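Okay, so here's the structure we're looking at.
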Amino acid sequence: MKFDNRYIIEIGSLIIQSGDLTTEDWDSVSIIFDVGEGHVANSGFIYLGNEVEPCIAEIDDEPVAIDNKVIEFREHIESVSGHKFKQLLVQIERGSGKIKIDFEFDNHERWKITPSNIKEIKGYLKPNFD
């Protein structure tokens, strides 16, 4: 699927400006955006060596900036593919500045973080940029 990469750069830039990432040391981050009609929620993990901390992506003085960009990207993907994603996974490696994304179009629980799966999903979502 061909799409405009500027959305990925803009979303990645906004994530890096979010409160948790401006106040914490980190090597990489994974953020899952759950997108429905009229709402966006996100959660994820900050990775520093073997340490893993939960996080959300939100800019303190512009709390809906990232959500709005994700919705805009979802509309763009729909215009290109005819499908709306239900989840968007964004992974960023700090040292290299690399960004990876993945879409989920069908299963809105693919990357859902719950108390029963938190240990496994922390490892599963750890970015690998090799």
Side-chain angles (χ1 to χ4, degrees):
M1 165 181 20
K2 287 235 179 223
F3 57 84
D4 190 341
N5 286 336
R6 76 178 166 87
Y7 291 102
I8 303 306
I9 295 165
E10 291 171 359
I11 290 169
S13 176
L14 290 168
I15 289 171
I16 290 170
Q17 295 174 50
S18 69
D20 285 345
L21 296 175
T22 60
T23 60
E24 300 286 332
D25 287 332
W26 57 282
D27 295 328
S28 59
V29 63
S30 290
I31 302 288
I32 303 113
F33 293 92
D34 292 299
V35 187
E37 297 307 319
H39 85 280
V40 177
N42 77 73
S43 57
F45 300 102
I46 296 171
Y47 299 88
L48 176 62
N50 292 326
E51 299 295 318
V52 183
E53 295 290 329
C55 71
I56 60 168
E58 182 177 89
I59 299 172
D60 293 336
D61 58 342
E62 296 181 67
V64 295
I66 300 172
D67 295 352
N68 290 342
K69 188 55 65 177
V70 169
I71 290 169
E72 188 179 327
F73 183 45
R74 183 181 193 222
E75 291 168 356
H76 172 69
I77 293 299
E78 181 183 21
S79 73
V80 171
S81 71
H83 303 284
K84 294 180 180 180
F85 59 80
K86 294 182 179 189
Q87 289 184 313
L88 172 67
L89 171 62
V90 180
Q91 298 178 308
I92 303 171
E93 184 179 56
R94 186 178 199 172
S96 68
K98 292 180 181 177
I99 301 173
K100 292 192 319 186
I101 65 162
D102 197 359
F103 303 102
E104 179 55 54
F105 291 97
D106 300 314
N107 180 3
H108 67 275
E109 296 196 7
R110 177 177 177 189
W111 297 304
K112 186 174 182 177
I113 301 169
T114 66
S116 63
N117 76 358
I118 195 161
K119 186 175 181 179
E120 293 82 18
I121 204 156
K122 283 180 186 179
Y124 178 72
L125 292 176
K126 185 172 184 176
N128 182 355
F129 287 90
D130 294 335

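This is a predicted model, so every value here is computed, not measured.
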Test your reading of the model: is there a side-chain donor-acceptor pair from S13 to the backbone of E10, 3.5 Å cut-off?
no
Would you find a donor on one side and an acceptor on the other, under 3.5 Å apart, between the side chain of W26 and the backbone of R94?
no
Reference residue W111; test side chain to side chain contact (heavy atoms under 4.5 Å, CB included); the match among N117, L88, L89
L89
Looking at H108, is its backbone amide N or carbonyl O close enough to the side chain of Q87 to form a donor-acceptor pair, meaning the two atoms are under 3.5 Å apart?
yes
D25 (side chain) donor-acceptor with L48 (main chain) under 3.5 angstrom:
no
Say whether, by atom type as modelled, one donor and one acceptor occur between the side chain of N42 and the main chain of A57 under 3.5 angstrom.
yes
Quick one: do the S30 and Q91 side chains pair a donor with an acceptor below 3.5 Å?
yes
For E93, is there any backbone N or O sitting under 3.5 Å from a side-chain donor or acceptor partner on K100?
no
Is the F73-F3 ring centre distance short of 6.0 angstrom?
yes
Looking only at atom types and distance, does a side-chain atom of Y7 sit under 3.5 Å from a main-chain N or O of R74, one as donor and one as acceptor?
no
Tell me if the CD atom of E51 is crowded by more than 12 foreign heavy atoms within 6.0 Å.
no
If I compare all heavy atoms of S43 with all of I113, which pair ends up nearest, and what's the gap?
OG-CD1, 3.5 Å
Evaluate side-chain contact (heavy atoms from CB on, under 4.5 Å) for I31 paired with C55, printing each intermediate quantity in order.
CA-CA 8 Å; I31 302 288; C55 71; 3.5 Å; yes
Minimum heavy-atom distance Y47-K126, with the two atoms named
OH-N, 3.2 Å
How many angstroms lie between atom CD1 of I66 and atom CD1 of I71, to the nearest 0.5 angstrom?
12.0 Å
Ring-plane angle category for F85 and F103, please: parallel below 30°, perpendicular beyond 60°, tilted otherwise.
tilted
Give the intermediate values and the outcome of side-chain contact (heavy atoms from CB on, under 4.5 Å) for residues F45 and I118.
CA-CA 10 Å; F45 300 102; I118 195 161; 4.1 Å; yes
Judged by atom type as modelled, is there a donor-acceptor pair below 3.5 Å linking the side chain of K86 to the main-chain atoms of N107?
no
Minimum-distance pair of heavy atoms, taken over all atoms of D20 and P54:
OD2-O, 4.3 Å
